[in-house]
Novice: 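Pasting a structure below so you can have a look.
Lettering follows sequence order; numbering is per chain, from 1.
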Amino acid sequence: MTIRNEELAAQFDELADLLEAQDVEYKPIAYRRAADNIREYPENVATLATQEGTNAVERIDRVGKAIASKVVEYAETGEIDELAEKRAELPVDMAALTSVEGVGPKTVGRLYEALDVRTLDDLETAAKNEKIQTVSGFGPKTESNILDNIDFARQSQDRQLLSDAAPIGAAIVDYLTQTVAVQRCEVAGSLRRWRPTIGDVDTLVASTDPQAVVDAFTDWPDTGRVIEAGTGKASVRTNDVRVDLRVVDPSEFGAALQYFTGSKDHNVELRNRAIERDLKVNEYGVFDISETDDPDAGQRVGDRIGGATETDVYDALDLPPIPPELREGRGEIDAAAANELPDLVTLDAIRGDLHLHTDWSDGRNSIEEMVEAATNRGYEYVCITDHAKGPGMVGGVGLTDDQLETQLSELRAVGDDAEIDVFAGVEANIGPDGRLSVADAVLEQLDCVVASPHAALDGDGTDRLIAAAEHPAVDIVGHPTGRQLNQRSGLDIDVPALADAAAKAGTAVEINANPRRLDLHGSAVQAALEQGATITIDTDAHGPESYDYLRYGVHTARRGWAEPSDVLTTWPTADVRAFLDA
DNA sequence: GCCGTTTTCGGCCCGACTGTTTTCAGTCG
Ligand SMILES: Nc1nc2c(ncn2[C@H]2C[C@H](O)[C@@H](COP(=O)(O)OP(=O)(O)OP(=O)(O)O)O2)c(=O)[nH]1
Ligand SMILES: [Mg+2]
Ligand SMILES: [Mg+2]
Ligand SMILES: [Zn+2]
């Protein structure tokens, strides 16, 4: 069983926390940055470590010799010596304890030393028995806050789906916009960057009366508990999610929007670029501090260069504006500096959808209804790809080879009457051995074959998917990992290897736009494009209303640096037909 | 521990809020 990047990253996050508890400087940050990059790496890092050694691992940004050798150590032995030592010195359930709001590594360290607190249960007992307030530096408020927050920490803390968080963001923006003191209000954070999952809803307001805005915010009918409420910043929890608010003066809105949109890594990189230029960037603006004695003297020291708009901020750093979807600290600042930012794909550029279901399998509508809805959306073509029979098809919904041939004639008949082009396709299952659930003789008659995994979604899927991508009849590898957000992580894939094979075989790799999937995700798309792969954005709609998933797919493509020409479904019908025929 | 179109050593983003403290540490964004 391979070690997932997530598991590997968690080791370094824990080591970071243990070191921070011991007042070690800088290393915790170094380990966390490395952990973040390992987590996002488009190949399995443990496999890389075993097969190619430390040099290959050191290619990961922020991973140097020391961390690379620890990666190899973990991949080979399942343990990291230094981590084991630190755990012995501080034998606590670090992840659980720090999941309590307001409890960080230092608190964990001190409560272990003073009260032998190792687990959430220990923490609860200590708080209930009023032991925590006896520790110096802690008081009754800290103790009761901890007690209040323990129950929440015990619940699973899933991130919200983008599609669930978006309406919450719209609701709070709507509410705040009606507040008199609010001049402008925008969603920021991961929601503005279209991350597939959202930790909290970040909202930015421009106002000259911050207190009034914070008051309105905590009075919001959806507000459950107020986590904190200061003069220009507040956080609350609704039933579903945490909502953060930041309020700034209208003249500072751009700098604040830049700050609050993030990502954190992007902000740090941007601010470092500022330092190189004797500038300071914060959420209030860009400041020239070359003539300033003490740049740390306050938030607005130096000569203000700008900050009314986001473009001001980037401009002051000699950069073109960077679209929010790119702001993940994955090379976008270097690309911007070199004027090599991609010309990102847009919703308008999409001309069709190549992965759709009807009531011939598990869809809710007829072929005609799906085609009509696509026509009304202004599409130039669709491809109907009902499930073929096979593993993972619940209740035997899939079509047999005979049924597929029957449906093919039906699709041709509908196509003859339709205003748009109707391609005949199928969604075939990719078995664990890479074989498809439909006979080659049937596949060859169809215009477009989507091959995708539906069962046995554990472990490494690279060989399996490459086998499918190289099948002569296959045109698209659909939802490649098979992940379901918050449910299952799906197959582990060496994305560059899959993309390379797909590019050579003339097979497209899908971004499945269903917001429960978003598969491939942004950084995988970026890796795939680097190998020259063609991407297709499909909704996998099982009814006309699901065509609206498209926007999640398009923004995921943008997160993967995709330009229109990279995306098959922006191509005109004739070019798509040529791609499918080839 | 990591990193480098001024560096292979000397820096490492910057600020708000809370609770505890009598001036700041910890946590979080
Ligand atoms: N400069 C700087 N900005 C930060 C830092 N932490 C957070 N931010 C900014 C960038 C983030 O996108 C923004 C909102 O913070 P969040 O913790 O909500 O992160 P974000 O929304 O990106 O992800 P999330 O889905 O909420 O986990 O605040 C930091 O340490 N330094
Ligand atoms: Mg957020
Ligand atoms: Mg936030
Ligand atoms: Zn499907």
Novice: Among dC28(B), dG15(B), dG19(B), find the nucleotide with the atom closest to the side chain of K141(A).
Specialist: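 Of the options given, the side chain of K141(A) lies nearest dG19(B).
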
Novice: Just call it for G232(A): base, sugar-phosphate, or nothing, with non-hydrogen atoms closer than 4.0 Å on any strand.
Specialist: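 Sugar-phosphate: the residue G232(A), judged by heavy atoms under 4.0 Å, touches backbone atoms but no base.
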
Novice: Heavy atoms only, 4.0 Å cut-off, all strands: where does T107(A) land among base, sugar-phosphate and nothing?
Specialist: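 Sugar-phosphate contact only - T107(A) comes under 4.0 Å of backbone atoms but never of a base.
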
Novice: Please confirm whether the shortest side-chain N or O distance from R33(A) to OP1 or OP2 of dC13(B) is below 4.0 Å.
Specialist: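 Result: yes.
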
Novice: Is it true that R154(A) and D121(A) have a side-chain N and a carboxylate O under 4.0 angstrom from each other?
Specialist: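 Counted as a salt bridge, because a side-chain N and a carboxylate O are separated by less than 4.0 Å.
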
Novice: So which one's nearest nucleotide on DNA chain B is more toward 5', N272(A) or Y31(A)?
Specialist: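 This one resolves to Y31(A).
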
Novice: Pick from T50(A), D494(A), D492(A): which one makes a side chain to side chain donor-acceptor pair (under 3.5 Å) with N44(A)?
Specialist: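 For N44(A), the side chain to side chain donor-acceptor pair (under 3.5 Å) check succeeds only for D492(A).
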
Novice: Do we see Y26(A) stacking on the base of dC2(B), given a limit of 5.5 Å between centres and 30° between planes?
Specialist: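 It does not: the two rings, one from Y26(A) and one from dC2(B), miss the stacking criterion.
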
Novice: Should D17(A) and R32(A) count as an ion pair when the cut-off is N to O under 4.0 Å?
Specialist: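 The answer is yes: the pair qualifies as a salt bridge.
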
Novice: When rounded to the nearest Å, what value does the distance between C1' atoms of dT8(B) and dC13(B) take?
Specialist: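 After rounding to an integer number of Å, I get 23 Å for this pair.
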
Novice: Please report, rounded to the nearest Å, how far the C1' atom of dA16(B) is from the CG atom of N282(A).
Specialist: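 Distance, rounded to whole Å: 12 Å.
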
Novice: Side chains of S523(A) and E40(A) only: does a donor on one sit below 3.5 Å from an acceptor on the other?
Specialist: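 The answer is yes; a qualifying pair exists.
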
Novice: Rounding to a whole Å, what distance do you find between I29(A):CD1 and dC3(B):P?
Specialist: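 Interatomic distance, CD1 of I29(A) to P of dC3(B): 14 Å.
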
Novice: So, is T231(A) close to the dC17(B) phosphate, meaning a side-chain N or O under 4.0 Å from OP1 or OP2?
Specialist: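 Checking T231(A) against dC17(B): at least one side-chain N or O falls below 4.0 Å of OP1 or OP2.
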
Novice: Taking atom P of dG29(B) as reference, at what distance in whole Å does atom CG of D200(A) sit?
Specialist: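 Nearest whole value for this atom pair: 7 Å.
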
Novice: Between dC2(B), dT27(B), dG29(B), which nucleotide gets closest to the side-chain atoms of D244(A)?
Specialist: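 When the side chain of D244(A) is considered, dG29(B) is the closest of dC2(B), dT27(B), dG29(B).
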
Novice: Quick one: is Y284(A) getting a side-chain N or O under 4.0 Å of the dA16(B) phosphate, OP1 or OP2?
Specialist: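 Checking dA16(B) against Y284(A), a side-chain N or O does come within under 4.0 Å of OP1 or OP2.
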
Novice: Rounded to whole angstroms, how far apart are CD on E101(A) and C1' on dC28(B)?
Specialist: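 E101(A) atom CD is separated from dC28(B) atom C1' by 8 Å.
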
Novice: Can you tell me, in whole Å, how much space there is between the C1' of dT20(B) and that of dA25(B)?
Specialist: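 My reading of the C1' atoms in dT20(B) and dA25(B) gives 9 Å.
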
Novice: Do R483(A) and S489(A) have a side chain donor and acceptor closer than 3.5 Å?
Specialist: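 On atom types as modelled, these side chains do not qualify, holding no pair under 3.5 Å.
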
Novice: Grab the CZ-C1' distance between R273(A) and dC3(B) for me, whole Å please.
Specialist: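 The answer, rounded to whole Å, is 17 Å.
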
Novice: Output the single nucleotide from dG1(B), dT27(B), dC17(B) whose closest atom is nearest the side chain of A30(A).
Specialist: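 Of dG1(B), dT27(B), dC17(B), dG1(B) is nearest to the side chain of A30(A).
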
Novice: Taking the P atom of each, how far is dC17(B) from dT6(B), in whole Å?
Specialist: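 Roughly 37 Å separates the two P atoms.
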
Novice: Would you mind reading off the distance between R62(A) atom CZ and dC12(B) atom P, rounded to a whole angstrom?
Specialist: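 Distance, rounded to whole Å: 13 Å.
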
Novice: In whole angstrom, give me the gap between the C1' atoms of dC12(B) and dG19(B).
Specialist: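 Straight-line distance between the two C1' atoms is 28 Å.
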
Novice: Under the side-chain contact (heavy atoms from CB on, under 4.5 Å) criterion, do L245(A) and V247(A) qualify, and how do the steps go?
Specialist: CA-CA 7 Å; L245(A) 171 73; V247(A) 190; 3.9 Å; yes

Novice: Using a cut-off of less than 4.0 Å, is there contact between a side-chain N or O of S136(A) and OP1 or OP2 of dT20(B)?
Specialist: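 For dT20(B), OP1/OP2 do not have a side-chain N/O of S136(A) under 4.0 Å.
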
Novice: Of the residues in residues 293-324 of chain A, which ones touch DNA chain B at a heavy-atom distance under 4.0 Å?
Specialist: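 The answer is G298(A), Q299(A).
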
Novice: So is R237(A) actually on top of F152(A)'s ring, under 6.0 Å and inside 45° of the axis?
Specialist: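 Geometry flag: set, cation within 6.0 Å and 45°.
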
Novice: Which part of the nucleic acid, if any, lies within reach of A229(A) when heavy atoms closer than 4.0 Å are counted: base, sugar-phosphate only, or nothing?
Specialist: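 Sugar-phosphate only.
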
Novice: Rounded to the Å, how far apart are Q133(A) CD and dT20(B) P?
Specialist: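 Whole-Å distance recorded here is 9 Å.
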
Novice: Quantified in whole Å, what is the C1' atom distance between nucleotide dG15(B) and nucleotide dG10(B)?
Specialist: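 It comes out at 24 Å once rounded to the nearest Å.
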
Novice: May I have the distance from L270(A) (atom CG) to dC13(B) (atom C1'), rounded to whole angstrom?
Specialist: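 Interatomic distance, CG of L270(A) to C1' of dC13(B): 10 Å.
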
Novice: Taking only N and O in the side chain of T142(A), is any of them less than 4.0 Å away from OP1 or OP2 of dT20(B)?
Specialist: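 For dT20(B), OP1/OP2 do have a side-chain N/O of T142(A) under 4.0 Å.
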
Novice: Hey, does the side-chain of Y259(A) have a donor or acceptor N/O within less than 3.5 Å of a partner on the base of dG15(B)?
Specialist: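 Absent.
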
Novice: Looking for any heavy atom pair under 4.0 Å, which part of the strands does K264(A) touch: base, sugar-phosphate only, or nothing?
Specialist: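 Counting heavy atoms under 4.0 Å across all strands, the contact made by K264(A) includes a base.
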
Novice: Compare side-chain N and O positions of N267(A) against OP1 and OP2 of dC14(B) and report whether any pair is under 4.0 Å apart.
Specialist: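 Negative; the distance criterion is not met.
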
Novice: Any chance the side chains of E14(A) and Y31(A) put a donor and an acceptor closer than 3.5 Å?
Specialist: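 The criterion, which ignores hydrogens and geometry beyond distance, is not satisfied for Y31(A) and E14(A).
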
Novice: For the C1' atoms, the ones on dG11(B) and on dA16(B), what distance do you get once it is rounded to whole angstrom?
Specialist: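 Roughly 25 Å separates the two C1' atoms.
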
Novice: Just call it for K106(A): base, sugar-phosphate, or nothing, with non-hydrogen atoms closer than 4.0 Å on any strand.
Specialist: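 Touches sugar-phosphate only.
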
Novice: Nearest to the E283(A) side chain among dG15(B), dC28(B), dG1(B), which nucleotide is it?
Specialist: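 Nucleotide nearest to E283(A)'s side chain: dG15(B).
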
Novice: Identify the nucleotide, in any strand shown, that forms a Watson-Crick or G-U wobble pair with dC24(B), with both distances under 3.5 Å; if there is none, say none.
Specialist: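 The base-pairing partner of dC24(B), which may sit in any strand shown, is dG19(B).
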
Novice: If only side-chain N and O atoms count, and only distance matters, is there a donor-acceptor pair under 3.5 Å linking D93(A) with T119(A)?
Specialist: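 Absent: no donor and acceptor within the cut-off.
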
Novice: Taking the P atom of each, how far is dG26(B) from dT22(B), in whole Å?
Specialist: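 My reading of the P atoms in dG26(B) and dT22(B) gives 15 Å.
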
Novice: Quick one: is dA16(B) close enough that its OP1 or OP2 comes under 4.0 Å of any side-chain N or O from K233(A)?
Specialist: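 For K233(A), the contact criterion (side-chain N or O under 4.0 Å from OP1 or OP2 of dA16(B)) is not met.
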
Novice: Is any side-chain N of the basic residue among E124(A) and K128(A) closer than 4.0 Å to the acidic one's carboxylate O?
Specialist: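 Yes, E124(A) and K128(A) are salt-bridged.
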
Novice: Applying the salt bridge (charged side-chain N to carboxylate O under 4.0 Å, His left out) test to E82(A), which of R87(A), K70(A), K27(A) qualifies?
Specialist: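 The option that passes is K70(A).
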
Novice: Measuring only the C1' atom in each nucleotide, how far is dT21(B) from dC14(B)? A whole number of Å is fine.
Specialist: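 The same atom, C1', in both gives a distance of 23 Å.
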
Novice: Identify whether any heavy atom of P28(A) sits under 4.0 Å from a base atom; if not, whether one sits that close to sugar-phosphate; answer base, sugar-phosphate or nothing.
Specialist: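 No contact.
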
Novice: Answer yes or no: does a side-chain N or O of R246(A) lie under 4.0 Å from OP1 or OP2 of dG15(B)?
Specialist: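 No, outside the criterion.
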
Novice: Between dT20(B), dG29(B), dG1(B), which nucleotide gets closest to the side-chain atoms of P140(A)?
Specialist: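 Among the listed nucleotides, the one closest to the side chain of P140(A) is dT20(B).
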
Novice: Closer to the 5' end of DNA chain B via nearest nucleotide, is it N145(A) or V63(A)?
Specialist: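 Upstream on the strand: V63(A).
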
Novice: Quick check on dT21(B): syn or anti? Syn means the glycosidic torsion is within 90 degrees of zero.
Specialist: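 Classified anti.
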
Novice: Using a 4.0 Å heavy-atom cut-off across all strands, classify P210(A) as base, sugar-phosphate, or nothing.
Specialist: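 The residue P210(A) makes no contact with any strand.
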
